[in-house]
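Heads up: numbering here begins at 1 and tracks the sequence. Basis for what follows: all heavy atoms, side chains included, without hydrogens, waters or symmetry-related copies. All values derive from a computational prediction rather than experimental measurement. As the structure lists them, so they are numbered: ligands from 1, and atoms in each ligand from 1.
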Amino acid sequence: MEIISGKTLAATVKEGLKSQVAELVSKYGRIPNLVVILVGDDPGSKSYVSGKTKAADFVGIKNSLLHFEDSMTESELLAEVNRLNDDSDVDGILVQLPLPKQIRTNVILDAIRADKDVDGFHRLNAADLFQSRITCETVLPCTPHGIIKLLESKNIEISGKHAVVIGRSNIVGMPVAKMLLDKNATVTICHSRTQNLAEITRQADILVSAIGRPNFVKADMVKEGAAVIDVGTSFNAETGRICGDVDFVNVSDKTSFITPVPGGVGPMTIACLMENTVRCFLNHVSDSK
Ligand code: GUN
């Protein structure tokens, strides 16, 4: 069994970006700029957001955090998004999810200009992925893209293998399933209504769990030699630590590769966010030539 360190791979990606950003700044005379919006005081969201701004600082991406009260209205948030859409100095806009219930998530995500949508959540970016129309303008969602990079970093064979994804969210489950399919895996998506879940997960050569239920994936659900990717980030407010979906202590011995939580998928999500910001910047500077 080998633990795949997302922390190490993310550090390598960020080192590369740091030198790329330095070159871009001297070439174009402008610094890539990411604006992060946080609404409310969810401790998990606060901690993720600070990881993102810290990484941006490291890479040399200009960044700012706009923090609003939980009582913010949808039209107030839309006004902020529109202001940033119109600001030619802003390359990336990230609205941290979840949003308070008075704000419709899809309304906000679709309001962010697709070319500033560093999360890859806009319907146009999602359509490029789901209709296999990826170009240099497409922004891919960070967590699924980070998962593919983790698998590839260990040369884990995807083509022809059975990949089982637990969870069908727009943020992780659905896009990672499509990315695995694009790499020629046979993909099964499981969810809360799936019958005989363990029977299916036991067939997985690659098992991706993205449901946010601590210790949900037990040893008897995993095939000997499987590669297990744990996307869970349940936030324990008491300890201030995050906890994955996989019962790591009992599952890890059966696997060929496994990602830890923390230090697995999370750091790669952030590294891919930095890559996306640089990509949006490049699209902007080449548009303005
Ligand atoms: N909440 C949980 N994951 C994410 C993410 O990748 N991006 C944003 N914006 N919010 C999230």
Pick out which of Leu17, Val21, Leu282, Asn63 makes a side-chain contact (heavy atoms from CB on, under 4.5 Å) with Pro32.
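That would be Val21.
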Please determine which of Val187, Ile147, Val164 meets the side-chain contact (heavy atoms from CB on, under 4.5 Å) test together with Leu180.
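That would be Val187.
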Shortest protein heavy-atom distance from [atom], along with the residue and atom involved:
{"atom": "atom 11 (C) of ligand 1", "answer": "Gln96 NE2, 3.5 Å"}
{"atom": "atom 1 (N) of ligand 1", "answer": "Leu97 O, 3.0 Å"}
{"atom": "atom 8 (C) of ligand 1", "answer": "Asp119 OD2, 3.4 Å"}

Just wondering, do Phe58 and Ile270 contact through their side chains at under 4.5 Å, heavy atoms?
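Not touching, per the 4.5 Å side-chain cut-off.
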Take His284 and Lys116, measure what side chain to side chain contact (heavy atoms under 4.5 Å, CB included) needs, and give me the verdict at the end.
CA-CA 9 Å; His284 293 147; Lys116 296 191 178 191; 3.8 Å; yes
Proximal ligand 1 atoms for Lys52, defined as those under 4.0 Å from one of its heavy atoms:
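So the answer, numbered in order with elements, is 7 (N), 8 (C).
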Which ligand 1 atoms are under 4.0 Å away from a heavy-atom of Leu94?
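The atoms of ligand 1 under 4.0 Å from a heavy atom of Leu94 are 9 (N).
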With a sphere of 6.0 Å drawn around CZ of Arg30, does it hold more than 12 non-hydrogen atoms of other residues, nucleotides or ligands?
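Yes, enclosed.
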Touching ligand 1 at all, Phe121? Heavy atoms, strictly under 4.0 Å?
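The answer is yes, since Phe121 has a heavy atom less than 4.0 Å from ligand 1.
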Under 3.5 Å, side chain of Asn236 to main-chain N/O of Ile242, donor-acceptor pair present?
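Side chain of Asn236 to backbone of Ile242, a donor-acceptor pair under 3.5 Å: no, none is there.
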Report yes if Ile171 has an N/O atom closer than 3.5 Å to an N/O atom of ligand 1; otherwise report no.
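Among all N and O atoms of Ile171, none is under 3.5 Å from an N or O of ligand 1.
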